[in-house]
K.L.:
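Here it is: the structure, laid out below.
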Amino acid sequence: MSTQAQNDARTTTDRLDELSAAILDFENRTWREQSVKDEAIRNTFSLSPARYYQLLGALLESPLAVAYDPLLVNRLRRLHDRRLARRDARARRSL
């Protein structure tokens, strides 16, 4: 079987679902204010911002997300790691 035929034979489980792809595309946008982004999350996805960020966090662990947009996913992972490091540093200072 040729490589193209193998690619064509893949099931839809080898690709991101529509919601996941839409979330990653949404994250590619630039937001000046968090409140504006939160409102757009509610209007676009009919999700609370908390649920949206839960889904985004899970997506960042997905190899399918990396395949879909590696630059974005890696950038978001780095931002997430920095936030965790700052949170840990604050927690250690308060002890």
Side-chain angles (χ1 to χ4, degrees):
M1 187 182 283
S2 72
T3 303
Q4 181 61 40
Q6 288 172 337
N7 289 341
D8 292 343
R10 287 184 178 165
T11 64
T12 57
T13 58
D14 291 340
R15 294 187 185 96
L16 283 178
D17 58 78
E18 285 182 37
L19 176 60
S20 298
I23 287 173
L24 290 176
D25 292 340
F26 187 83
E27 278 300 309
N28 246 338
R29 295 176 59 186
T30 301
W31 301 94
R32 291 183 185 204
E33 295 182 33
Q34 186 63 42
S35 62
V36 174
K37 183 177 181 182
D38 290 347
E39 187 63 30
I41 289 168
R42 287 185 189 92
N43 293 335
T44 304
F45 300 106
S46 298
L47 296 170
S48 71
R51 181 65 182 140
Y52 170 86
Y53 286 111
Q54 288 173 341
L55 294 173
L56 178 61
L59 253 177
L60 295 182
E61 301 303 318
S62 166
L64 294 176
V66 174
Y68 182 80
D69 193 338
L71 294 175
L72 173 67
V73 171
N74 288 325
R75 180 175 58 86
L76 293 173
R77 284 178 176 174
R78 283 191 308 273
L79 289 170
H80 177 75
D81 291 345
R82 280 187 217 140
R83 282 188 205 107
L84 286 179
R86 277 188 248 133
R87 185 181 308 152
D88 288 346
R90 282 193 310 266
R92 276 183 250 133
R93 282 194 305 255
S94 67
L95 293 177

K.L.:
Listed by chain and number, what are the side-chain contact (heavy atoms from CB on, under 4.5 Å) partners of N28, not counting sequence neighbours?
P.N.:
D69, L72, R75
K.L.:
Check side chain to side chain donor-acceptor pair (under 3.5 Å) between R51 and all other residues, then give those that pass, not counting sequence neighbours.
P.N.:
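With neighbours one apart ignored, the set is Q54.
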K.L.:
Please check if the side chain of T44 supplies one atom and the backbone of I41 the other of a donor-acceptor pair under 3.5 Å.
P.N.:
no
K.L.:
So, using side-chain contact (heavy atoms from CB on, under 4.5 Å) as the criterion, who are the partners of E39 when residues are at least two apart?
P.N.:
R42, N43
K.L.:
Closest heavy-atom contact between L76 and E27?
P.N.:
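For L76 versus E27, the nearest heavy atoms are CD2-OE1, 3.9 Å.
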K.L.:
Just verifying a value: how many Å separate E61 CD and H80 NE2, rounded to the nearest 0.5 Å?
P.N.:
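E61 atom CD to H80 atom NE2 measures 7.0 Å (nearest 0.5 Å).
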K.L.:
Which distance, rounded to the nearest 0.5 Å, do you find between the OG of S62 and the OH of Y68?
P.N.:
12.5 Å
K.L.:
Would you check if R77 and V66 make a side-chain contact, meaning some heavy-atom pair closer than 4.5 Å?
P.N.:
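Yes - at least one pair of side-chain heavy atoms lies under 4.5 Å apart.
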K.L.:
Distance check, rounded to the nearest 0.5 Å: Y53 atom OH versus L59 atom CG?
P.N.:
13.5 Å
K.L.:
Once rounded to the nearest 0.5 Å, what's the spacing between atom CG of L64 and atom CG of L24?
P.N.:
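Spacing of CG (L64) from CG (L24) equals 10.5 Å.
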K.L.:
Can you sort out the partners of E18 under side-chain contact (heavy atoms from CB on, under 4.5 Å), two or more places apart, ordered by chain and number?
P.N.:
none
K.L.:
Could I get the full list of ring-ring contact (aromatic ring centres under 6.0 Å, His included) partners for Y52, not counting sequence neighbours?
P.N.:
F26, F45
K.L.:
Not counting sequence neighbours, which residues clear side-chain contact (heavy atoms from CB on, under 4.5 Å) with E33? List them please.
P.N.:
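If we apply the side-chain contact (heavy atoms from CB on, under 4.5 Å) test to E33, skipping adjacent residues, the hits are S35, V36.
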